[in-house]
Amino acid sequence: MDRLDVVKTVAQEFIRKRKGDRLSLVIFGTEARTLCPLTHDLSAASSLLTDIQIGIVGEMTDLQKGIEFGLKRLVGLTVEDVLEMAKTRSKDYVLEQIRTRKASFLFDAKTEALLQQAKLDKTILEAMRARKPRSQILILLTDGKHTAKEGSEGREDVLRAAREAALYKVKIYTIGIGSKQAYTFLRIKRS
C-alpha cells in the first residue's frame, strides 16, 4: 500500500464512524474540486474516495486553495452572495434563499459598512442576523508542503485562509501524511 491507499483507508474508517453528521469531500492540488457535496449519505462519500488519484487536480499542493474551497462548502451563502442577489432578485426570493440554504453571516465593521451602503430591506437584515456561524470542522489531509507558492508569500496566503476559517468558527484539524520531517504549526486564535 502506498501513502494514498493508507489515507483512503483511514478516511473511510473515519467516515464509517460518523453518526448523524453531514460530510463533504474536497480534493485539492494545484486546483480544488468538490468530490462529494455536503451529505448525510456517508456510504456514498466513502465509496467516492476509492477513485482519488495523486495529480487528479494538479501536481502542486495549494493548501490555501484547499482551505478556502473547503470553507466555502461549509459556510454556504455569505453576505457578499446576498448583496449580489439583492441587486437582481426580489426581496421574497432573497429571504427564501437565506432561510432555506446553508448560510453563515459575519457582522464585522467592514460588513456593517457594506450593508449600510447597500440599503437592504430590514426583513432581509433580520433574517441574516438570525443565521450566525455555527461550529464546524474542516479536516485537512496533507503532506504539509505548500508547493504552489514558496517562501513567506505562500505561508501568508495559507495563514490568511486559516484566519478566515477561524472567523467563521471553522476549526481546521490537519492530519499529516507521508512526511517524516519535523514541522511547525500555528494555532490561529479567533477574535
Write down the atom of L49, the atom of Q12, and the distance for their closest heavy-atom approach. CD1-CG, 3.5 Å
Given 3.5 Å as the limit, does a donor-acceptor pair link the side chain of S24 with the main chain of C36, or not? yes
Flag for D121-T123: side-chain donor and acceptor within less than 3.5 Å: yes
Donor-acceptor pair between Q116 and E112 side chains, under 3.5 angstrom: no
Between E13 and R16, is there a side-chain N and carboxylate O pair less than 4.0 Å apart? yes
Taking side chain to side chain contact (heavy atoms under 4.5 Å, CB included) as the criterion, tell me which of R129, M85, K91 meets it with I124. K91
E31 side-chain N/O to V57 backbone N/O, donor-acceptor pair under 3.5 Å: no
Side chain to side chain contact (heavy atoms under 4.5 Å, CB included) test vs L35 passes for just one of I52, V26, D51, namely I52
Rounded to the nearest 0.5 Å, how far does OG1 of T174 lie from CG of L141? 9.0 Å
I need the L77 CG to M128 CE distance, nearest 0.5 Å. 8.0 Å
How long is the span from the CD1 atom in I67 to the NZ atom in K65, to the nearest 0.5 Å? 13.5 Å
Hey, is CD on E80 packed in by over 12 heavy atoms from elsewhere, all under 6.0 Å? yes
Check the pair L83 / L115 against side-chain contact (heavy atoms from CB on, under 4.5 Å), numbers first and verdict last. CA-CA 8 Å; L83 291 174; L115 292 171; 4.0 Å; yes
Can you check whether P37's main-chain N or O pairs, donor with acceptor, with T34's side chain at less than 3.5 Å? no
Would you please test V170 and E164 for side-chain contact (heavy atoms from CB on, under 4.5 Å) and show each step? CA-CA 9 Å; V170 174; E164 184 177 355; over 6 Å; no
R18 side chain vs L23 backbone, donor-acceptor pair below 3.5 Å: no
Checking the side chain of T9 only, and the main-chain atoms of D5 only, is there a donor and an acceptor separated by less than 3.5 Å? yes
Here the gap from Q97 atom CD to R89 atom CZ, rounded to the nearest 0.5 Å, amounts to 7.5 Å
Looking at D62 and F28, what are the two nearest heavy atoms and their distance? O-CD1, 3.4 Å
With a 4.5 Å cut-off on side-chain heavy atoms, are F107 and L125 touching? no
Quick one: CD1 on I27 to CD1 on I56, what's the gap to the nearest 0.5 Å? 4.5 Å
Would you call R131 and I98 a side-chain contact if the rule is heavy atoms closer than 4.5 Å? yes
So do D92 and V94 actually touch side chain to side chain, heavy atoms under 4.5 Å? no
Heavy-atom distance under 4.5 Å between the side chains of Y173 and L140, does that happen here? no
Might you point out which heavy atoms bring L25 and I15 nearest each other, and give the distance in Å? CD2-CD1, 4.4 Å
Do the side chains of L71 and F69 join up, straight or via other hydrophobic residues, at under 4.5 Å, putting them in one cluster? no
When rounded to the nearest 0.5 angstrom, what is the spacing between CZ in R22 and CG in D41? 13.0 Å
